[in-house]
Structures are given as structure tokens and as C-alpha cells.
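Within every chain, numbering begins at 1; the chains are lettered A, B, ... in the order of the sequence lines, protein sequences first and strands thereafter.
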2 protein chains.
Amino acid sequence: MKVAEKHRAARQHILKAAWPLVGQRGFSAVGISQILEVAGIPKGSFYHYFESKEAFGEELLRIYVEEYVEKLDDILFKSEGNAADRIARYYRFWRDTQLDGQVGDKCLIVKLAAEVSDLSERMRSILEMGTATVIERLGKLIGTGQKEGSVGSPMEPDILAASVYQLWLGTTLMMKITHSSLPFDQAWLATKRLLEI
Amino acid sequence: MKVAEKHRAARQHILKAAWPLVGQRGFSAVGISQILEVAGIPKGSFYHYFESKEAFGEELLRIYVEEYVEKLDDILFKSEGNAADRIARYYRFWRDTQLDGQVGDKCLIVKLAAEVSDLSERMRSILEMGTATVIERLGKLIGTGQKEGSVGSPMEPDILAASVYQLWLGTTLMMKITHSSLPFDQAWLATKRLLEI
DNA sequence: AAGAAAATAGACGACTGGTCTAATTTTCCT
DNA sequence: AGGAAAATTAGACCAGTCGTCTATTTTCTT
């Protein structure tokens, strides 16, 4: 294996190891030593793989967003049924990952948004691009749904998409507070009514 | 001034001083020494006012929630107009505090929910009670609106209230990410459509 | 007014944080 | 295979954390 490849692989390994830790305790609260311990990599090596902890955080978010958008595209554009069906599938995916998923699978955006936005401008802007992408994809699908008739609401697709996404974000936050699935179920009823699906 | 009063006043003073710090950087990231420095109280005295940092955090949230619910009741139940008007007034209040408000005024629930829910069971349960109270109040008003006709949606008031609150929570989170007022405006359009006001 | 009790100041300890430099190990080319 | 160059790691560093502890000041009681 080439050196550059090993280097890249080690980076990925550290990032993946950090994922569940950061997902549970946040970015600042998790120390580099803990991450490297879990990853099985000596502490002193960190700064050979990342320039700083912040650069590390940026990379973590970048990869998270990238993989998330990939999964999202699969659900929204490469699955069966009409637009309404696909949106429902996205909702179920979101709900399931929050309720049953492993700690490492839970939404890093919800976990980190409040913390990171006031901490690092660069990390904030990665989140900004990520959320904009998700809303854009969702808006596109909602537009399709309106044309084909599976989405009844006549509101601007972008507004609907942003609102639905924000509703789900807030719902996830609420679920962190209440440890209950009720917020999800209520949000879904509201989503259906809002989109008229 | 009696001793007990001075003690209480000092506690309040420390809590108020901590407010903007915690609102900007979160709970764990803010050190006790920084809080006391801002409050103008020597470091060593902290543990005469609070049992621990966590007990301090609980008190901070308790007071925040208490004052918030007071303001909310003023807006929702002691102001002019029908139910729809009062909900609109609550929306404007929320929007204004997030957009123009001082750092210390911004919503501590949004800032701390993700961090604290996985950190301290007791702090989480304070947030849980707080959010439940807000939703309960909002639900009551929505019910009134339905009876008087200013709220057109026939959905359960509780579901509507929870959904609107979650939407606004998510909107605030989104606004932290994007630094734009657009999410708020979009969310308000969606709120009006959802409630049919 | 004087002694007892409570409250406070400020240093201190044990620890953890991110970061950096010097030493070690590995790689690669002659 | 030998030695230079590169990649990796160990260990120390200093600043900062929470929480404790004792000496001093302030307050209350009689």
C-alpha cells in the first residue's frame, strides 16, 4: 500500500472513530486523546493527519454532509413511487435513525449546529452548504410532486422544503429533550397536512 | 439587608452574568472562573452559592424557563386581539429576539438542548418540562382560536402546537447556521398555512 | 463591645486540553 | 544493502478546567 493511501486511510479511520464520540458528546467536549485512543492511534500522531482540531472538525462535517447527501439522493431520487411516497420514505429514514439508530448514526447537524455555529465560522459554513443542499433536493422533489399531483399544496416548493426540513430539525431536537417518539409522529401529521399529501 | 437575601441576590447576579456567556458558548465550554470574573465575584466563592457546576446549570435553566413562560403568558394571554393575532405576536417576539436581540436574550433552549440532553439527566428534564409547558400554553390558545374561528385548521390543538413549536425550534437552529432571516419568514408562511390563519 | 458563627478570598491540586519539538521508525533510491 | 529522506511517534509543554481547603474578613448574637 502506498504511503499516501495509508495516510488517507488513517485519516478516514480517525474520522470514523470520532463520529460516535462527537455525536454523543459534541465537538469541544471530546478530546483529541480520546478520539485517538478509540482509533488505536498514538496521540502524538494527530498533527500529522490534521492541521488542527478545527481542521479536523471541518473534515468531519464535510464527510458527514457528503455521505448524508448521497443517502438522501438514493432515497429521494432512486426509489419507487411518486414524490409523496419518496418524501414519506425520507421521513421514515429520518425517524428510524433517530429512534433506533446507533449513536454514531444520529444526525450530526442537529447535535453540532448550535455548538459549532458560534464556535467556528468555517464549520458553520459547511453546515450551511449541507443544509442548503438538502433543502434544494427536497424542493426539487416537492416541485415534481406538485406537477404530478401527489403534492397538493400550491406554496413555493422552496418554502415548503425549507419549512419541512426546519420542522424535522426541531423535531429531532425535541426528541433529544423528551426521549419520546411522539414529536416525530406529530410532525409527520403536520408535514402531511402542510404538503397536502 | 439580611444575610439570606444577600446570598440569594448574589446567586441571581451570578446566574444573570452567566446567561450571555452560556448563550454564546454553551454550558460545558464556559468555565466557572470566567463566569465569576464577569460577575465580579472571586473564584473561591462559587461553591458557597452552588453545590456544583451541574447544580448551577440546573438553576440557570430553571430560571430561564420560568422567566420565559412568564413572558409567554403575557404575550399569549394578556394582549389584545384574537388567538391568531396573539400567535402572530409570539412569532414576532421570537423572530425579533433571535435576529436583533442581545446575545444574552437568545433562546437558551435551542442553544443547550443538543448539548445538555446527552450530558445531564436533570438538566434535560428541566428542558423537557419547559418545552412541555410552552406547548401546552400554545395548544390552549390554538384551541381557543379554533372555537372562535380565527384558527381554521381542524387538527388537534396539541398536535398543531407541538408542530409549530418544533418548526420554530428548527427555524432558530437553521438561523444559527445560515445567519439569515429567510428561514423565519418561510417558517411563518408555513405556520400560517398549517394553522390556517 | 466582644466573642461566636457565617461568608468569602485566593491560592492550590490533580487533571485534561490542544499543540509542538525532538527522537524514532519506516520508506525509498542508489 | 546502506544511507538519506520522509513519515511517524513519544513525551513534554503550558494554559485552562473543576473542585477543595484554609486563613481572613464580615456578620450576628448576647
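- In this structure, Tyr47(B) atom OH and dT22(D) atom C1' are separated by 17 Å, rounded to whole Å.
- Residue contacts shown for Tyr49(B) are limited to sugar-phosphate atoms, with no base heavy atom under 4.0 Å away.
- Side chain of Ile32(A), nearest nucleotide from dC18(D), dA9(C), dG18(C): dG18(C).
- Candidate nucleotides dC18(D), dA12(D), dA9(C) were compared by shortest atom distance to the side chain of Lys43(A), and dA12(D) ranks first.
- Ion pairing between Glu67(A) and Lys71(A) fails under the 4.0 Å rule for side-chain N and carboxylate O.
- In terms of phosphate contacts, Gln34(A) brings no side-chain nitrogen or oxygen within less than 4.0 Å of OP1 or OP2 of dT16(C).
- Atom-to-atom, CD of Glu37(B) to C1' of dA9(C) comes out at 15 Å; the value is rounded to the nearest Å.
- Only one option out of Arg25(A), Lys111(A), Gln24(A) pairs with Asp118(B) in a side-chain hydrogen bond (donor to acceptor under 3.5 Å, both in side chains); it is Lys111(A).
- Glu51(B) places its CD atom 10 Å from the P atom of dT20(D), with the value rounded to the nearest Å.
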For this session: Could you walk me through whether Trp94(A) and Thr172(A) pass the side-chain hydrogen bond (donor to acceptor under 3.5 Å, both in side chains) test, one step at a time?
Result: CA-CA 9 Å; Trp94(A) 190 315; Thr172(A) 308; 2.7 Å; yes
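- Annotation: cation-pi geometry not satisfied between Lys53(B) and Tyr47(B) (NZ/CZ under 6.0 angstrom from ring centroid, within 45° of ring axis).
- Following rounding to the nearest Å, Ile41(A) (CD1) and dT8(D) (P) show an atom-to-atom distance of 10 Å.
- Regarding contacts with the backbone of dT17(D), a side-chain N or O of Ser33(B) is found under 4.0 angstrom from either OP1 or OP2.
- Note: CG (Leu36(A)) to C1' (dT8(D)) measures 13 Å, nearest angstrom.
- Distance CZ (Phe46(A)) to P (dG11(D)): 20 Å, rounded to an integer number of Å.
- Salt bridge absent: Lys78(B) and Asp73(B) never bring a charged side-chain N and a carboxylate O closer than 4.0 Å.
- Phosphate proximity of dT8(D) to Ser45(A): absent, as no side-chain N or O sits under 4.0 Å from OP1 or OP2.
- In this structure, CZ of Phe56(B) is placed 12 Å from P of dG19(D), rounded to the nearest angstrom.
- Nucleotide dA7(C) holds its C1' atom 13 Å from the CD1 atom of Ile14(B), rounded to whole Å.
- For the pair Ala29(A) and His48(A), nearest-nucleotide mapping onto DNA chain C gives the more 5' position to Ala29(A).
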